[in-house]
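Note that the structure is predicted; figures quoted are calculated from it, not measured.
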Amino acid sequence: MSASFDPRSPAEARPMVLAEMALRCYDERGHSAEVILGFAYGAEDPYAVAITFALAAGDGDTFATWLVGRPLLRAGMSAPSGDGDVRIYPSIDEDGRAITVLEFVAPGGFASVHADTDLLRGFVDRTTDVVPFGSESDHIDLEALVADLLPDGA
């Protein structure tokens, strides 16, 4: 994975699972292109996977990151899951291979990304080495969360 997708600062030592995948992306008009997506998962946000799109812009690359629930990502590989701005469901590509479709809806547009299900499943399976499913709440520092929400000195 290229360093540009690594959301950690060098000082962070918490384990993470990182993957980079070349996927087919379709826009609302049905035009497609291959895109590189970075997937990142760590215990500091145990319920979410960060999915980063590298976007070519006139002045260089820019990045857009979506946070997707890890349980939603896992469920979407075998059954339609999600509503609103993220929907995930299994499908088959034109060559008969299993894919997982990730649909992202935003005020500025729509993207449908087709991921090889085996690659995606491999990534999700590796996340359980960092945080097993069902133990996510054990990795949340509630005292720090409350301290961040309260005004200084409260």
Q: Indicate if Y89 and L119 have the same hydrophobic cluster label, given that clusters are the connected sets of ILVMFWY residues with side-chain heavy-atom separations under 4.5 angstrom.
A: no

**Q.** Pair D27-F110, side chain to side chain contact (heavy atoms under 4.5 Å, CB included): steps then yes or no
**A.** CA-CA 6 Å; D27 67 13; F110 166 87; 5.9 Å; no

Q. V105 and L73: same hydrophobic cluster, using ILVMFWY side-chain contacts below 4.5 Å?
A. no

Q: Determine whether D45 and L67 make a side-chain contact, defined as any pair of heavy atoms from C-beta on separated by less than 4.5 Å.
A: yes

Q) After noting the C-alpha distance and the side-chain angles of R70 and T127, does the key distance pass the side chain to side chain donor-acceptor pair (under 3.5 Å) rule? A) CA-CA 9 Å; R70 183 174 68 145; T127 69; 3.0 Å; yes

Q.
I'd like to check I51 versus L102 (side-chain heavy atoms, cut-off strictly below 4.5 Å). Are they in contact?
A. yes

Q | Closest heavy-atom pair and its distance - E44, M16 | A | OE2-CE, 3.9 Å

(Q) Rounded to the nearest 0.5 Å, what separates atom CE in M77 from atom CG in D118? (A) 10.0 Å

**Q.** Gap separating the OG1 atom of T52 from the CG atom of L18, nearest 0.5 angstrom
**A.** 10.0 Å

Q: Check I88 against G76 and note the closest heavy-atom contact, atom names and distance.
A: CG2-CA, 3.5 Å

Q: Treating Ile, Leu, Val, Met, Phe, Trp and Tyr as nodes and any side-chain heavy-atom pair under 4.5 angstrom as an edge, say whether Y26 and L120 lie in one connected cluster.
A: no

**Q.** Co-membership, hydrophobic cluster, residues F104 and V101, 4.5 Å side-chain
**A.** no

Q) Could you state the interatomic distance from CZ (R121) to CZ (R126), rounded to the nearest 0.5 Å? A) 13.0 Å

Q. Short question: side chain of E103, backbone of R87 - any donor-acceptor pair under 3.5 Å?
A. no

Q. Is it the case that more than 12 heavy atoms not belonging to D83 sit under 6.0 Å from its CG atom?
A. no

**Q.** Shortest non-hydrogen contact between T65 and A50, atoms and distance
**A.** CG2-CB, 4.0 Å

Q.
Treating D95 as the side-chain partner and R97 as the backbone partner, does any N or O pair qualify as donor plus acceptor under 3.5 Å?
A. no

Q) Would a hydrophobic clustering, with Ile, Leu, Val, Met, Phe, Trp and Tyr connected at side-chain separations under 4.5 Å, put L72 with V131? A) yes

Q) Is there a side-chain contact between F53 and V113 (heavy atoms, below 4.5 Å)? A) yes

**Q.** Close side-chain approach of L37 to E20, heavy-atom, < 4.5 Å
**A.** no

Q | Side chain to side chain, H114 and L23, heavy atoms closer than 4.5 Å | A | no

Q) So which heavy atom on S78 is nearest to which on P90, and how close? A) C-CG, 3.6 Å

Q | Distance (rounded to the nearest 0.5 Å) between S81 OG and R74 CZ | A | 10.5 Å

(Q) Determine whether a donor-acceptor pair (N or O, by modelled atom type, separation under 3.5 Å) exists between the side chain of Y41 and the backbone of V124. (A) no

